Amino acid sequence: MKTFQFAIISDLHVALPQTIEPKAHRFHLVEVSIAALEKALAHLEQLDLDFLLIPGDLTQDGEAVNHRWLGDRLAKLPFPSYVIPGNHDIPSLEATEQTISLGDFPGYYAHCGYDQPGKMDYRQEIFPGVQLIGLNSTSFDSNGEQLGRMEAEQFSWLESELQQCQDDVVIVMIHHNIIEHLPGQSRHDLGRRYMLDNASQLLQLLKKYQVKLILTGHLHVQDIAHHDGIYEITTGSLVSYPHPYRVINAQLSNKTLNLTIESHRIEAVEGYDDLSETSRQFLGDRSQGFMTRLLTLPPLNLPNDTVEPLIESLRYFWADVAAGDGEFDFPDFPPTARFFLRQFTRFNHPPYLDFQDNNTTLKF
């Protein structure tokens, strides 16, 4: 039996002070991005890690200076790190005066998996018998609009790579969600933008080659979902409540992988002595519009006069979803709303599988 240890930090949204601009509708605290990252890395550097995985949204909004800072910082770690881009990392197809282009990204992270210049996907052996496949899920349509989608050539490349490593355990890392983490996520206007447009095609291919573990970010929640023998671990944002990261101890034996997952939180940084409470309040203060849309859009379609008296009770609903392991019931709500919101409790956790979102053990 082989053992190894790794960590996951997601959605760093690194922002050097000179790049931060106030945005009234922002749901995360980019002001703590560097301090929170340094605190997490200080902890991880005390461990005997084999590698660190970062599934996207490395920077605030794709600023070259932020990518350069992060690439340099990761190069100084005592263990290898592997990254993929998120939607914030490449906001437009072409570079601007401040931001990088799609093709620029690999050059900033040549030491983080991207050993082929200009190639947006990669495969690396990260431990003997364990292959990591990093996939880009940010693309652009003919009008330059950003999409969460994989292109046809990526699927061809991926199948070729999977054919070559069928004797190994494969971990796939991609920014957009592939399995739903929220009820109706792939259909709801608020949820589907966090899903890969062609998620079903990717799931079909991964199942064909018996890939059982996907790591994602983007949604800013702590959640583990399961579908048809495949687990997807999504990790919350380091700059949003509850400011989590994960440390995972793995045992590998004959292609059987056991994972013991521990979640940690950044509770305080300089200037934010009670970061958890501050950021929970931050989300709560911005929750009204989000929760109103959640209840008034399909599938509920509740009228505004029904929703309005419910909103204050839902002030911290999204924060509690983001924290993971939430139990949700609103017995005084209209039956349709109560039933819908109850589904957020252990969604996509089959009853015959006993696992939690933060601290748990998985075997596959």
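These figures come from a predicted structure and were not determined experimentally.
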Here the side-chain hydrogen bond (donor to acceptor under 3.5 Å, both in side chains) pairs for residues 334-343, sequence neighbours left out, are Asp329-Arg338
Return yes if a side-chain donor-acceptor contact under 3.5 Å exists between His243 and Ser279, otherwise no. yes
Asp115: what forms a side chain to side chain donor-acceptor pair (under 3.5 Å) with it, not counting sequence neighbours? Gln124
Do Phe347 and Gln185 touch side chain to side chain, with heavy atoms closer than 4.5 Å? no
Side-chain contact, heavy-atom cut-off 4.5 Å: Asp89 with Thr138? no
Examine distances only and state if a side-chain atom of Thr345 and a backbone atom of Phe328 form a donor-acceptor pair shorter than 3.5 Å. yes
Check this for me: Asp189, atom CG, are more than 12 non-hydrogen atoms of other residues, nucleotides or ligands nearer than 6.0 Å? yes
Looking at side-chain heavy atoms only, is the closest gap between Arg280 and Asp320 below 4.5 Å? yes
Residues in side chain to side chain donor-acceptor pair (under 3.5 Å) contact with Thr360, at least two apart in sequence or another chain: none
For residues 96-109, the side-chain hydrogen bond (donor to acceptor under 3.5 Å, both in side chains) pairs (sequence neighbours left out) are His67-Tyr109, Thr96-Thr99, Ser101-Asp104
Applying salt bridge (Lys or Arg N to Asp or Glu O under 4.0 Å), can you list everything that pairs with Glu38, at least two apart in sequence or on another chain? Arg73
Side-chain heavy-atom pair Thr361, Phe355 within 4.5 angstrom cut-off: no
Should we say atom CD of Gln288 is surrounded by more than 12 heavy atoms from elsewhere, each under 6.0 Å from it? no
Is it true that Lys255 and Asp167 have a side-chain N and a carboxylate O under 4.0 angstrom from each other? no
Verify the neighbour count for atom NZ of Lys119: are there more than 12 heavy atoms of other residues, nucleotides or ligands below 6.0 Å? yes
So, Tyr194 versus His181: side-chain donor-acceptor pair below 3.5 Å or not? no
Indicate whether the side chain of Asn177 and that of Thr216 have a donor and an acceptor atom separated by less than 3.5 Å. yes
Side chains of Leu49 and Leu77: does their closest heavy-atom pair fall under 4.5 Å? no
Contact between Asn348 and Asp223 at the side-chain level, heavy atoms closer than 4.5 Å - yes or no? no
Above 12 or not: heavy atoms from other molecules or residues under 6.0 Å from CD of Gln210? no
Check whether any side-chain N or O of Lys39 sits under 3.5 Å from a backbone N or O of Ala268 as a donor-acceptor pair, and report yes or no. yes
Residues forming a salt bridge (Lys or Arg N to Asp or Glu O under 4.0 Å) with Lys208, sequence neighbours excluded: Glu159
Between Asn358 (side chain) and Ala323 (backbone), is there a donor-acceptor pair under 3.5 Å? yes
Ignoring hydrogens and angles, state whether a donor on the side chain of His175 or Asn87 is under 3.5 Å from an acceptor on the partner side chain. yes
Under 3.5 Å donor-acceptor, Glu180 side chain and Ser186 backbone: yes
Testing the 3.5 Å rule here: is there a donor-acceptor pair between the side chains of Asp50 and Gln5? no
Quick one: do Leu70 and Ile54 end up in the same hydrophobic cluster if we chain Ile, Leu, Val, Met, Phe, Trp and Tyr together by side-chain heavy atoms under 4.5 Å apart? yes
Going by chain and number, the hydrophobic cluster around Tyr209 (ILVMFWY, side chain to side chain under 4.5 Å) further includes Ile133, Leu135, Met150, Phe155, Trp157, Leu158, Leu162, Val170, Val172, Ile174, Ile178, Ile179, Leu196, Leu202, Leu203, Leu205, Leu206, Val211, Ile214, Ile230
Cationic tip of Arg286 above Phe282 ring, under 6.0 Å, 45° of axis: yes
With side chains defined as the heavy atoms from C-beta onward, is the minimum distance between Gln251 and Thr3 less than 4.5 Å? yes
Do Tyr231 and Leu259 touch side chain to side chain, with heavy atoms closer than 4.5 Å? no
For ring-ring contact (aromatic ring centres under 6.0 Å, His included), just list the numbers for Phe127 and Phe6, CA-CA rounded to whole Å, side-chain angles, deciding distance to a tenth of an Å, and then say yes or no. CA-CA 10 Å; Phe127 188 81; Phe6 65 100; 9.9 Å; no
Tell me whether Glu21 at atom CD has more than 12 heavy atoms from other residues, nucleotides or ligands lying less than 6.0 Å away. no
Taken in chain and number order and not counting sequence neighbours, the residues that satisfy salt bridge (Lys or Arg N to Asp or Glu O under 4.0 Å) with Arg265 are none
Other residues, nucleotides, ligands: >12 heavy atoms within 6.0 Å of Glu45 CD: yes
Would you list the atom pairs, donor with acceptor, under 3.5 Å between side chains in residues 297-319 and any protein atom, with sequence neighbours excluded?
residue: Arg315; atom: NH2; partner: Asp285; partner atom: OD1; Å: 2.3
residue: Tyr316; atom: OH; partner: Gln281; partner atom: OE1; Å: 2.9
residue: Tyr316; atom: OH; partner: Gln281; partner atom: NE2; Å: 3.1

So, Ser33 versus Gln60: side-chain donor-acceptor pair below 3.5 Å or not? no
Give a yes or no on whether Ile8 and Tyr241 share a hydrophobic cluster (residues Ile, Leu, Val, Met, Phe, Trp, Tyr; joining criterion: side-chain heavy atoms under 4.5 Å apart). no
Could I get the full list of side chain to side chain donor-acceptor pair (under 3.5 Å) partners for Gln154, not counting sequence neighbours? Asp121
Salt bridge (Lys or Arg N to Asp or Glu O under 4.0 Å) against Glu270, all qualifying residues, sequence neighbours excluded: none
Pair Asp61-His88, side-chain contact (heavy atoms from CB on, under 4.5 Å): steps then yes or no: CA-CA 5 Å; Asp61 281 309; His88 277 263; 2.9 Å; yes
Identify whether Val239 and Leu219 are in the same connected component of the hydrophobic contact network (ILVMFWY, side-chain heavy atoms under 4.5 Å). no
Quick one: do the Asp357 and His349 side chains pair a donor with an acceptor below 3.5 Å? yes
Between Thr19 and Glu63, is there a side-chain donor-acceptor contact under 3.5 Å, judged purely by atom types and distance? no
With a cut-off of 6.0 Å (strictly less than), are more than 12 heavy atoms of other residues, nucleotides or ligands near CZ of Arg193? no
Among Asp57, Thr235, Asp11, which one satisfies side-chain hydrogen bond (donor to acceptor under 3.5 Å, both in side chains) with His220? Asp11
For Thr278, what residues pass the side chain to side chain donor-acceptor pair (under 3.5 Å) criterion, not counting sequence neighbours? none
Taking everything shown except Asp48 itself, do over 12 heavy atoms lie less than 6.0 Å from its CG? no
Can you check whether Asn143's main-chain N or O pairs, donor with acceptor, with Asp141's side chain at less than 3.5 Å? yes
